[in-house]
Amino acid sequence: MVKQLREDIAQLLINGHRPTIIFSRVEQLFKAQSILSAYDLLDHFCEFIIINLSYIRKHRDCPNDINEAVSSLIFAAARCADLPELQALRKLFGERYGNDFAVAAVELFPGNHVNPQISEKLSVKSVSDGAKLKLLQEIARDWNLQQVHLKKHL
C-alpha cells in the first residue's frame, strides 16, 4: 500500500494535479508509513516476548525491558483492530499483571512503559504541512522530478 501511494503521488505531481489532492494523498501515505513502522516495532516486541516467555511464566514481576514490550503490545491492542491477536495478548497480560497495569498502558497513564515510538506512530491524527512537504520532496527526489515541478504544483 505504501509503495502504491508513493507511485500515485508521483503521478499526481507529474500530471500537475491540485496541491490539495496531492497533500491529501501525502497525508494518507504518512499515516500508512507510521502504521507500517509501528507494526515493525510490534513484531520486534512479540519476538522479544517469545524469547523471554520462560521468564514471564516463572516470575510475577515485570522488569523494565519486558514491561516496555508488554505495555506496548497492550497499548497497540486498543488501536489495531486489524490485529486481533493483540486482543488475546492484552487479555493474557492483563490477567498476569493486573487490570491497573493494562489500563495504564492503554490510557498512557503516568508510569506506563509504552514505547514512545509506538504511542506516537499509532496516535497520528493529523500531519503538519511541514511533514507533508518533506515527504513530498522525498518522493519528488526518488522519482527524479525537478524541484521546479514541485514548486510549480505547490
Side-chain angles (χ1 to χ4, degrees), residues 1-13 20-145 150:
M1 182 173 152
V2 167
K3 183 180 177 183
Q4 185 62 51
L5 277 170
R6 291 179 79 85
E7 290 174 9
D8 289 350
I9 292 165
Q11 290 303 313
L12 290 172
L13 282 169
T20 54
I21 294 170
I22 295 170
F23 268 108
S24 175
R25 197 63 58 90
V26 170
E27 185 163 351
Q28 288 176 339
L29 174 61
F30 189 92
K31 290 176 180 179
Q33 285 181 166
S34 292
I35 290 170
L36 183 60
S37 180
Y39 284 5
D40 286 341
L41 288 167
L42 293 173
D43 184 53
H44 167 76
F45 287 131
C46 286
E47 289 177 15
F48 184 80
I49 293 295
I50 291 169
I51 290 168
N52 290 285
L53 197 53
S54 65
Y55 180 90
I56 292 169
R57 284 184 177 154
K58 293 177 187 172
H59 301 90
R60 295 292 288 171
D61 69 321
C62 192
N64 283 345
D65 54 349
I66 293 174
N67 191 329
E68 179 183 22
V70 170
S71 296
S72 297
L73 291 170
I74 290 172
F75 175 83
R79 288 155 181 83
C80 298
D82 53 332
L83 297 174
E85 301 84 358
L86 291 179
Q87 292 302 321
L89 289 176
R90 178 181 176 181
K91 183 179 180 214
L92 290 170
F93 288 134
E95 291 170 358
R96 179 77 177 174
Y97 298 116
N99 190 50
D100 290 344
F101 178 91
V103 170
V106 170
E107 300 298 330
L108 295 176
F109 287 157
N112 77 77
H113 286 84
V114 175
N115 178 281
Q117 289 178 312
I118 289 288
S119 64
E120 176 188 320
K121 292 183 183 307
L122 292 180
S123 300
V124 173
K125 298 286 186 238
S126 65
V127 182
S128 72
D129 286 344
K132 290 177 198 176
L133 185 57
K134 183 179 175 183
L135 185 52
L136 196 53
Q137 289 170 333
E138 178 187 311
I139 293 167
R141 245 188 338 271
D142 290 349
W143 281 77
N144 296 317
L145 301 174
L150 184 62

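Here the structure is a predicted model, which means the values were calculated and not measured.
The CG atom of N52 lies 12.0 Å from the CZ atom of R57; values are rounded to the nearest 0.5 Å. To the nearest 0.5 Å, atoms OG (S72) and CG (L86) are separated by 11.0 Å. Interatomic distance, CD1 of I22 versus CG of L29, reported as 13.0 Å (0.5 Å rounding). Considering CG of D65 and CZ of F48, their distance stands at 4.0 Å, rounded to 0.5 Å. To the nearest 0.5 Å, the span separating CD1 on I74 from CD on Q87 amounts to 10.5 Å.
Taking the six-membered ring where tryptophan is involved, the planes of F101 and Y97 are tilted, since the angle between them lies from 30° to 60°.
Every pair passing salt bridge (charged side-chain N to carboxylate O under 4.0 Å, His left out) that includes a residue from residues 25-44 is listed here, sequence neighbours excluded: D8-R25, E27-K31, E27-K132.
In this structure, the side chains of L42 and L73 come closer than 4.5 Å at one or more pairs of heavy atoms. Between P63 and Y55, the closest side-chain pair of non-hydrogen atoms falls below 4.5 Å. Looking at heavy atoms from C-beta onward, L135 lies in side-chain contact with R6 at the 4.5 angstrom threshold.
Remark: side-chain polar atoms of S37 are not paired, donor with acceptor, to backbone N or O of Q33 under 3.5 angstrom. The backbone N or O of P116 lies less than 3.5 Å from a partner atom in the side chain of S119, making a donor-acceptor pair. Under the 3.5 Å distance criterion, the side-chain polar atoms of S34 are matched with a main-chain donor or acceptor of F30. In terms of modelled atom types and a separation under 3.5 Å, the side chain of Q117 and the main chain of A38 share no donor-acceptor contact.
Remark: of the listed residues L108, V106, V70, L108 is the sole one forming a side chain to side chain contact (heavy atoms under 4.5 Å, CB included) with V114.
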- request: Just do the side-chain contact (heavy atoms from CB on, under 4.5 Å) check on F45 and L89 with the steps written out, would you?
  value: CA-CA 12 Å; F45 287 131; L89 289 176; over 6 Å; no

